[in-house]
Amino acid sequence: MTIVRKKITIVGAGFTGATAALMIAQKELGDVVLLDIPQLENPTKGKALDMLEASPVQGFDARITGTSDYEEARNSDLVIITAGVARKPGMSRDDLVSTNAGIVCSVCERIKEVAPETTVLVLSNPVDAMTYAAYQTLGFPKNRVIGQSGVLDTARYCTFIAEELNVSVEDVRGFVLGGHGDDMVPLVRYSSVGGIPIETLIPKERIAEIVQRTRVGGGEIVNLLGSGSAYYAPAASLAQMAEAILKDKKRVLPVIALLEGEYGYHDLFLGIPAVLGGSGIERIFELELTDEEKSALDKSADSVRGVISVVAAGMN
Ligand SMILES: NC(=O)C1=CN([C@@H]2O[C@H](COP(=O)(O)OP(=O)(O)OC[C@H]3O[C@@H](n4cnc5c(N)ncnc54)[C@H](O)[C@@H]3O)[C@@H](O)[C@H]2O)C=CC1
Ligand SMILES: O=C([O-])CC(=O)C(=O)O
């Protein structure tokens, strides 16, 4: 029996794509193909070679190549799409919709030719709508088209809770539902530290501040950086999702999935908790929500629906 390494293609070799490539290689999830536009072929090759030359020092075995040729993505086990533009201070993620929808659709046209059996993980913003654009273009089953938002939003939320209580991040549990926008829904009732509900440990007003900081967490980084947006935590989130899929770990993670009736929504891509494994999204968990939580989720779903309708209009 010949054992073949997995192949992970990352389209978009910018800040998030390149950082995710290194993290995925460090985890030895497989060989990484970093793909960008022809005008950036040499810088892309240069980034890949630089990372490869870190491998003897760090002791990871993974081939990393840079290219602008989709042939090199052929038969990838996983494709991660980070291609597109990032926002600047003063912009919302939704301001990127037209530019990035064009890019994501053109990338997906190529991916479906060379890797029709792959699973696709979308990062480009506005990510709920870009996951819809990818799904429409690829024509793949819904379990194989997944968006990343909740792992990152939850990571920010858990970071702030750990800081607040001065406890290990490893002991914080919680998650964020809804769209990747300022009305996302951190679920306080399902959040705990070492199994202890945070509502019994942190005063209500402080929890409200943590929830609000989480909602605008992407913007906080955008404002601090001055140009471009976050990439270390987004790349770490992609690497965790890639690991769940490529190792068939069946992790329970918040992902952007196509909802067809779950939570009362139809034909909508939205962040919900799911089992992520070798078949992509293997099961969606439908939580019981209070009226307050459901109306917050409805508000977030309405925002996402609005952006998706812009993409849908552009695709017709
Ligand atoms: N969903 C999420 O949680 C997050 C989403 N993002 C989004 O991810 C995207 C990428 O962010 P960064 O990596 O920071 O941006 P970046 O500007 O550093 O990199 C984007 C890369 O995409 C490439 N690109 C553009 N058109 C392409 C095409 N047709 N084919 C292949 N490559 C193409 C560019 O040349 C560039 O290298 C942005 O839209 C950003 O808003 C970023 C962080 C978190
Ligand atoms: O804020 C942005 O534009 C990038 C992003 O989605 C995040 O960091 O959450």
Side-chain angles (χ1 to χ4, degrees), residues 9-22 33-48 66-70 72-73 79-111 121-131 133-134 137 146-157 159 176 178-182 184 213-241 254-256 269 271 304 307:
T9 293
I10 302 179
V11 187
F15 284 105
T16 57
T19 311
L22 182 59
V33 175
L34 197 53
L35 193 155
D36 209 293
I37 53 176
Q39 297 89 313
L40 292 180
E41 180 159 278
N42 275 342
T44 304
K45 284 183 188 299
K47 285 183 193 183
T67 187
S68 64
D69 182 359
Y70 277 86
E72 296 197 35
V79 173
I80 299 176
I81 301 178
T82 74
V85 292
R87 64 174 161 156
K88 298 184 173 62
M91 293 171 79
S92 84
R93 296 180 183 91
D94 297 350
D95 294 334
L96 310 172
V97 66
S98 302
T99 308
N100 285 354
I103 293 172
V104 168
C105 290
S106 69
V107 166
C108 290
E109 288 291 356
R110 305 300 306 277
I111 291 303
L121 197 46
V122 181
L123 187 82
S124 313
N125 269 322
V127 65
D128 305 275
M130 292 308 106
T131 311
T137 310
I146 308 158
Q148 187 308 117
S149 64
V151 174
L152 171 63
D153 297 329
T154 300
R156 288 183 174 138
Y157 178 57
T159 301
V176 177
H180 189 50
D182 295 354
M184 66 181 73
R213 189 174 176 198
T214 302
R215 287 183 161 148
V216 297
E220 181 178 6
I221 307 275
V222 167
N223 290 334
L224 288 167
L225 291 178
S227 84
S229 50
Y231 49 100
Y232 294 113
S237 306
L238 288 173
Q240 185 179 68
M241 293 173 79
V255 303
I256 299 170
F269 278 87
V304 171
V307 190

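All ligand and atom numbering here is 1-based and tracks the order in the structure. Numbers for residues simply follow the sequence, beginning at 1.
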Can you tell me which residue and heavy atom of the protein come closest to atom 12 (P) of ligand 1, and the distance to 0.1 Å? T16 OG1, 3.6 Å
Residue V127 vicinity, atoms of ligand 1 by number, heavy atom under 4.0 Å: 1 (N)
At less than 4.0 angstrom from any non-hydrogen atom of L152, what atoms of ligand 1 do you find? 3 (O), 44 (C)
For atom 5 (C) of ligand 1, what's the nearest protein heavy-atom neighbour? Residue, atom name and distance, please. L123 O, 2.9 Å
Nearest non-hydrogen contact to atom 7 (C) of ligand 1 from the set N125, V122, I221 belongs to N125
At what distance, to the nearest 0.5 angstrom, does CD of E220 lie from CG of L225? 10.5 Å
Shortest protein contact, atom 31 (C) of ligand 1 (heavy atom only): V11 CG1, 3.7 Å
Atom 33 (C) of ligand 1 has as its nearest protein heavy atom A83 CB, 3.5 Å
Indicate yes or no: does an N/O atom of R87 lie under 3.5 Å from an N/O atom of ligand 1? no
Rounded distance [0.5 Å steps], OG1 in T67 versus CD in E72: 3.5 Å
Which of the atoms of ligand 1 are close to P234, meaning less than 4.0 Å from one of its heavy atoms? 43 (C), 44 (C)
What I'd like to find out is whether the side chain of T19 reaches to under 4.5 Å of the side chain of Y232, using heavy atoms alone. yes
Identify the closest protein heavy atom to atom 9 (C) of ligand 1: which residue and atom is it, and at what distance? T82 O, 3.5 Å
pair M241-V151: side-chain heavy atoms closer than 4.5 Å: yes
Looking only at distances, please establish whether an N/O atom of ligand 1 is found under 3.5 Å from an N/O atom of N100. yes
Would you say Y231 and I221 make side-chain contact, with heavy atoms under 4.5 Å? no
Tell me the protein heavy atom at minimum distance from atom 37 (O) of ligand 1, and give that distance in Å. D36 OD2, 2.6 Å
Just to be sure I read this right, does ligand 2 sit under 4.0 Å from the backbone of L152, its side chain, both, or neither, counting only heavy atoms? side chain
Take atom OH of Y70 as the centre, draw a 6.0 Å sphere, and report whether it contains more than 12 heavy atoms from other residues, nucleotides or ligands. yes
Report yes or no: does I221 have a heavy atom closer than 4.0 Å to ligand 2? no
Who gets closest to atom 27 (C) of ligand 1 by heavy atom: I37, L34, T99? I37
Would you mind reporting whether T131 and I146 have side-chain heavy atoms less than 4.5 Å apart? no
Using the rule given for side chain to side chain contact (heavy atoms under 4.5 Å, CB included), can you reason through V127 versus R93, listing the C-alpha separation, both sets of side-chain angles and the distance that settles it, and then say yes or no? CA-CA 8 Å; V127 65; R93 296 180 183 91; over 6 Å; no
Value for CG (D128) from CD1 (I256), rounded to nearest 0.5 Å, stands at 4.0 Å
The atoms of ligand 2 lying under 4.0 Å from a heavy atom of A230, numbered in the order shown, are 8 (O)
Ligand 1 versus A230, non-hydrogen atoms closer than 4.0 Å: side chain, backbone, both, neither? backbone
Is any side-chain heavy atom of L238 closer than 4.5 Å to one of T82? yes
Looking only at non-hydrogen atoms, which of G84, A235, G17, A86 approaches atom 22 (O) of ligand 1 most closely? G84
Which of the numbered atoms in ligand 2 are below 4.0 angstrom from a heavy atom of H180? 5 (C), 6 (O), 7 (C), 9 (O)
Top protein contact for atom 3 (O) of ligand 1, by heavy-atom distance: Q148 NE2, 2.9 Å
What's the verdict on side chain to side chain contact (heavy atoms under 4.5 Å, CB included) for R156 and V216, showing C-alpha distance, side-chain angles and the deciding distance? CA-CA 10 Å; R156 288 183 174 138; V216 297; over 6 Å; no
Within the 4.0 Å heavy-atom cut-off, what N125 brings close to ligand 2 is side chain
Once you restrict to heavy atoms under 4.0 Å, what part of I103 touches ligand 1? Side chain, backbone, both or neither. side chain
A side-chain contact here means heavy atoms from C-beta on lying under 4.5 Å apart; do N125 and H180 qualify? yes
Contact check, side chains of S68 and I37, non-hydrogen atoms, under 4.5 Å: no
Atom 3 (O) of ligand 2 has as its nearest protein heavy atom R87 NE, 2.6 Å
Is Y231 in polar range of ligand 1, meaning some N or O pair under 3.5 Å apart? no
Under a 4.0 angstrom heavy-atom cut-off, which atoms of ligand 2 come close to G218? 1 (O), 7 (C), 8 (O), 9 (O)
Protein heavy atom at shortest distance from atom 8 (O) of ligand 2: R156 NH2, 2.8 Å
Within this structure, what is the CD1-CG distance for the pair I111 and L35, rounded to the nearest 0.5 Å? 7.0 Å
Test side chain to side chain contact (heavy atoms under 4.5 Å, CB included) on M184 and T214; report intermediate values, then the result. CA-CA 9 Å; M184 66 181 73; T214 302; 4.3 Å; yes
Closest to atom 16 (P) of ligand 1 (judged by heavy-atom distance), picking from P38, G14, A233: G14
Atoms in ligand 2 with a heavy atom of S229 nearer than 4.0 Å: 2 (C), 3 (O), 4 (C)
Provide, to 0.1 Å, the distance between atom 38 (C) of ligand 1 and the closest protein heavy atom, together with that atom's residue and name. V85 O, 3.2 Å
Evaluate F15 for polar contact with ligand 1, using N/O atom pairs at a separation under 3.5 Å. yes
Check each atom of ligand 1 against the heavy atoms of L40 and keep those under 4.0 Å away; list them by number with element. 35 (O)
Side chains of I81 and C108, heavy atoms from C-beta outward: is any pair under 4.5 Å? yes
Interatomic distance, L40 atom CG to K45 atom NZ [nearest 0.5 angstrom]: 12.5 Å
First locate atom CG of N100, then atom SG of C105, and finally report the distance between them rounded to the nearest 0.5 Å. 10.5 Å
